[in-house]
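Below: the structure, in structure tokens.
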Amino acid sequence: MAIVEFVVTFLLQKLSDQLIQEVIFIHGVRDQVEWLQAEFRRMQCFLKDAAVKQETDERVKNWVRDVRDVAYDAEDIIDNFIFKIETLRPRGFVGHISRYAFFCNEWIVLYKVGSDIESIKNKIRSISESRSTYGIENIGQGAGTSSAGPSLQEWRLTSPLSQEPDFVGFEKDLEILVDRLTEGELRRCVVSVVGMGGLGKTTLAKKVYNGACVEKHFHSRAWISISQEYGLRDLLQNIINCYTVFSEEELKKMNVFQLRHKISEYLQNKRYLMVLDDIWTNQAWDDLKDAFPDMNNGSRIMLTTRKKDVALHADVRSVPYELRFLEAGESWELFCRKTFSRQDIVCRRDLEELGREIVKKCHGLPLAIVVIGGLLSRKEPWEWEHVLKSISWQFIHGEVEIFKILSFSYKDLPYHLKPCFLYSGIFPEDYEFSAKKLIRLWAAEGFLQQRGDETVEEVGEDCLKELIQRSMIQLAKRSSSGGIKSCCIHDLLRDLSISEAKQDMFLQVHGENVNALSTSTARRLATHHNALSEYTSLKSSTPRLRSVLIHTQIDERLERKQEKFLYKGFKLLRVLDLHNVAIKKLPSEIGALIHLRYLGFTSTWLERLPSSIGNLRNLQALILTSFHNIKVPSTIEKMQQLRHFHVKSAGDEAFNVSWGVIEGYPRLDQISNLHTLTNVKAGKWMGDCLEKLANLRKLGIRLDLEGEYVRVFFESVVKLKFLQSLFVTGSKFPSLVPFQSLLKLIKLRLHGELEKLPEYSEFPENLTKLTMRDSHLKQDPLVTLEKLENLRILKLLEYSYVGMEMACATQGFPRLEYLHLERLYQLKEWRVEEGSMPSLLHLRIDCCQELKMLPEGLQYVTTLKKLELWDMPNDFIERLRGEDGGEDSYKIQHIPSIDICSRATF
């Protein structure tokens, strides 16, 4: 019942919501609602103390459960009342009979809500009296007080998470595994790492995979996570995407046999390393093994698994490498690295004894040590003894017992972070999820509250950072600006989140058990299987549901009556997120879901939105991806709470961009909260309203207009002072206005012909990522771009430059980390002077058919870790790897990872 404090706080926030206040004031139930507010505030005072006492007192646990249930009931009554009043409200011109019918129906609704609230009041009185009956009157005494203690600010975690040195104690294991991969038999061997969850199998495998020796030894590498519930097609597509680029539409046309064949064909004659992380069953290996040819050239497959029998099944001739627990000294070192600052990894003497006792309880399990360390990094010294007493039970090596340590860290989270952590269980196992999506879902669910001048998104990012610092969620990738791009969650922590969420009726995650969906009492449902059509066929609405999140593995098609049921059966939804559901047209009934805050249809065939979409006046995020051009009605102007309007092609962005068309002439400037507006066509709707969208952070727009319209657009854009990302595409841009006034702009994509490139001083000072395509520049763009001091990612794509020579000068591109040159068909010579690109890590060159050789100066770019060459001329490739090594091989001999591929092999 750890989440009850949040449930009550959330209800109080809901009762204070402006929309609800307006409705209850107009319809005369204000006194009753204010009574509820007062009573729940009184309960709130006791909940913090009760949350601690319920762990050891069953009477308190029962009382807390009663409070949770009545809070849920009250929320249902209020939401149903709002839904009915809004549904009954006459729209447009109505006659006397319709108005009379409205007032009659309104009276019935008011009578019903009055009766329901009276029932809730009786329950609340009973709960209050039960404190005396249960003998727990003293709950809450002293709640909210705290003792003063010395601060740990000066030695808490301070360094960036991406550099966290949490690899401790496995140095010898690392050497052994590298030897097994790079030495020994020429046959295709399977090297397996076996151990229980949380032991560090994946961490060790990543260290091996990214090591310079392994990178240099193998021609080709790929990393795939399997998990318990996997989709074979998805796995095979992910493997192909590691090697080459196919659009999603192309991949959908291939069956699993064709996908296996494509992979096997690509790997022919290559010494490759394939890592299959977290494999659970023999069947998973049997499904994949035919894709990996044995060319007797030293290729390797590396497995991480909890099951030794799976490792032996994959290769009976290869002895599995069983990972050990950390020794006492190693455990202490890992604990100190996680708990204290990077500058001074030393424990104070008065805490060392307590710290060592706490570490001893973890019995050498790295995940437990890291999670407890993350917890203590935020605790005062006087709180450490309480932590030790709370985990003083005998720890046993096993996944059931580790839940006690993980559960302790969960229960220690502040109440506002508990629902944020539990919500991470909605994603499939081993899934790398977008930080932006998670934060938008948190906001839609009401988990985030704006603080001062901060946006809800900024509050959400702070919450995510804290969960990462506590090691409850793991950072997967950073964005080009250094922010959080994507995350993942350890499967044991995911299991914990699902278990706790189910216990609190907060969230339920289902597999293939459709009947469980229809009988669930949870407020939120997530499923990762193709169960939606079966569930809608049950025709059993679930009035308590606030969120439905479906992530199917293949296209799931719904009949018209099933679609209607989906929108009528879940009338109180705040979140509806469907992935891989084959929908072309949304029915008008969706406009009745007035409580919706988040609406997502991704990887669909959607073609248009109904005009009733404008009724969703509480909607905050509208996220659509489709293989078609999506037509959007002008009624979106009514969605005044909309913050994120995102339309995107589900295919390959480079070649198959799909653009939204806004029909009519909506006044988008009325949507003053809009932060994201992407992939829409410019048109009459734009008018003079664009510059009034002052809160825009991300804008993507297609300019199929000429002359004056283009000028007006750019003049409006430079007035958007909060803009961080801009994507403009069109046939031709006569000129670009200076962007230097956009101080927050960090990402810029320009697709269209330019007369000339702006001067470097006219670019935004903080620009970190620049992408250009079809610019047809005749003068070398590098002369200007190399002076951008903060540029980290540069992509010069198809026809961005049509000249024959390019040059990088000494000290040019001081912070550039990634450079991508693609389809520069006229480029013959590229020069790189010594001292240029001193920070470059990754270089990719695609289909530059006239380029004769790599630049001489590339040998001096000693930071370069990865080189990719795709569809380059045979002469170019021969200079690098001819029979005797190639005359240009000295230019790249310092690069650990080199991938040379021709798409023709596919």
Side-chain angles (χ1 to χ4, degrees), residues 187-190 192 218-297 299-305 310-311 313-316 428-431 511-512 528-531 533 551-557 579-582 602-605 627 650-652 655-656 870-871 899-906:
R187 74 178 182 91
R188 184 208 65 186
C189 297
V190 176
S192 300
F218 293 98
H219 302 145
S220 184
R221 297 174 304 136
W223 179 292
I224 302 295
S225 294
I226 310 294
S227 78
Q228 286 179 282
E229 299 172 357
Y230 68 91
L232 179 56
R233 168 180 285 278
D234 289 340
L235 288 181
L236 295 171
Q237 288 181 3
N238 290 341
I239 294 172
I240 283 184
N241 286 334
C242 289
Y243 299 124
T244 189
V245 179
F246 281 99
S247 72
E248 194 169 331
E249 196 167 2
E250 287 177 299
L251 291 174
K252 279 180 177 287
K253 294 176 182 177
M254 302 182 198
N255 58 38
V256 292
F257 301 103
Q258 291 170 320
L259 291 170
R260 280 199 201 98
H261 178 70
K262 293 292 184 186
I263 296 168
S264 179
E265 192 175 36
Y266 172 78
L267 294 175
Q268 293 288 331
N269 302 317
K270 290 183 176 65
R271 184 166 61 243
Y272 61 87
L273 170 63
M274 176 67 62
V275 179
L276 305 178
D277 183 43
D278 197 21
I279 187 167
W280 283 78
T281 64
N282 294 344
Q283 185 62 48
W285 168 252
D286 292 338
D287 285 341
L288 294 171
K289 64 182 180 181
D290 291 342
F292 312 133
D294 187 354
M295 304 303 296
N296 205 37
N297 62 357
S299 292
R300 295 287 186 267
I301 297 174
M302 190 175 185
L303 306 183
T304 69
T305 181
V310 173
H313 176 77
D315 191 343
V316 71
E429 191 177 5
D430 294 324
Y431 185 78
E512 299 176 352
H528 310 133
H529 291 278
N530 306 321
S533 58
H551 193 288
T552 66
Q553 295 172 355
I554 59 174
D555 281 352
E556 186 167 8
R557 301 182 182 277
H579 177 75
N580 260 350
V581 178
T602 54
S603 294
T604 69
W605 298 90
F627 294 105
D652 180 9
F655 303 101
N656 188 27
W870 296 72
D871 283 330
D899 196 356
I900 300 175
C901 177
S902 170
R903 186 165 177 173
T905 61
F906 283 82

Notebook entry, point to check: Does a side chain donor of either D287 or Q283 reach within less than 3.5 Å of an acceptor in the other side chain?
Noted result: yes

Checklist line | Test log, rule side chain to side chain contact (heavy atoms under 4.5 Å, CB included), inputs W280 and V310 | finding: CA-CA 7 Å; W280 283 78; V310 173; over 6 Å; no

Notebook entry, point to check: Backbone N or O of I279 within a donor-acceptor pair of the T305 side chain at under 3.5 Å?
Noted result: yes

Notebook entry, point to check: Which heavy-atom pair separates N297 from R271 by the least distance, and what is that distance?
Noted result: O-CD, 3.1 Å

Margin query: Using modelled atom types and a 3.5 Å cut-off, is there a donor and acceptor pairing between side-chain atoms of Q268 and backbone atoms of E265?
Written below: no

Margin query: Testing the 3.5 Å rule here: is there a donor-acceptor pair between the side chains of N269 and H219?
Written below: no

Note to self: Give me the atom names and distance for the closest heavy-atom approach of Q258 to K253.
What the structure shows: OE1-O, 3.7 Å

Check: side chain to side chain contact (heavy atoms under 4.5 Å, CB included) between M295 and Y272: does it pass, once the steps are laid out?
Finding: CA-CA 10 Å; M295 304 303 296; Y272 61 87; 5.5 Å; no

Note to self: If I take atom NE2 from residue H313 and atom OG from residue S192, how far apart are they, to the nearest 0.5 angstrom?
What the structure shows: 11.5 Å

Next item on the list: Indicate yes or no for a side-chain donor-acceptor contact from R221 to the backbone of V275 under 3.5 Å, with no hydrogens or angles considered.
Entry: no

Next item on the list: Check M254 against R233 and note the closest heavy-atom contact, atom names and distance.
Entry: O-NH2, 2.5 Å

Note to self: If I take atom CD1 from residue I239 and atom CD1 from residue I224, how far apart are they, to the nearest 0.5 angstrom?
What the structure shows: 5.0 Å

Next item on the list: List the atom of A291, the atom of I263, and the distance in Å for their closest heavy-atom pair.
Entry: O-CG2, 3.6 Å

Margin query: Could you check whether S225 and D278, counting side-chain N and O atoms only, form a donor-acceptor pair closer than 3.5 Å?
Written below: no

Check: Are any of the side-chain heavy atoms of L276 and F292 separated by less than 4.5 Å?
Finding: yes

Item checked: For the student: nearest non-hydrogen atoms of S299 and K270, plus distance -> OG-O, 3.3 Å

Next item on the list: Would you check, one step at a time, whether the test side chain to side chain contact (heavy atoms under 4.5 Å, CB included) holds for W285 with I301?
Entry: CA-CA 11 Å; W285 168 252; I301 297 174; 3.7 Å; yes

Notebook entry, point to check: Passes side chain to side chain contact (heavy atoms under 4.5 Å, CB included), D315 versus L303? Steps please.
Noted result: CA-CA 10 Å; D315 191 343; L303 306 183; over 6 Å; no

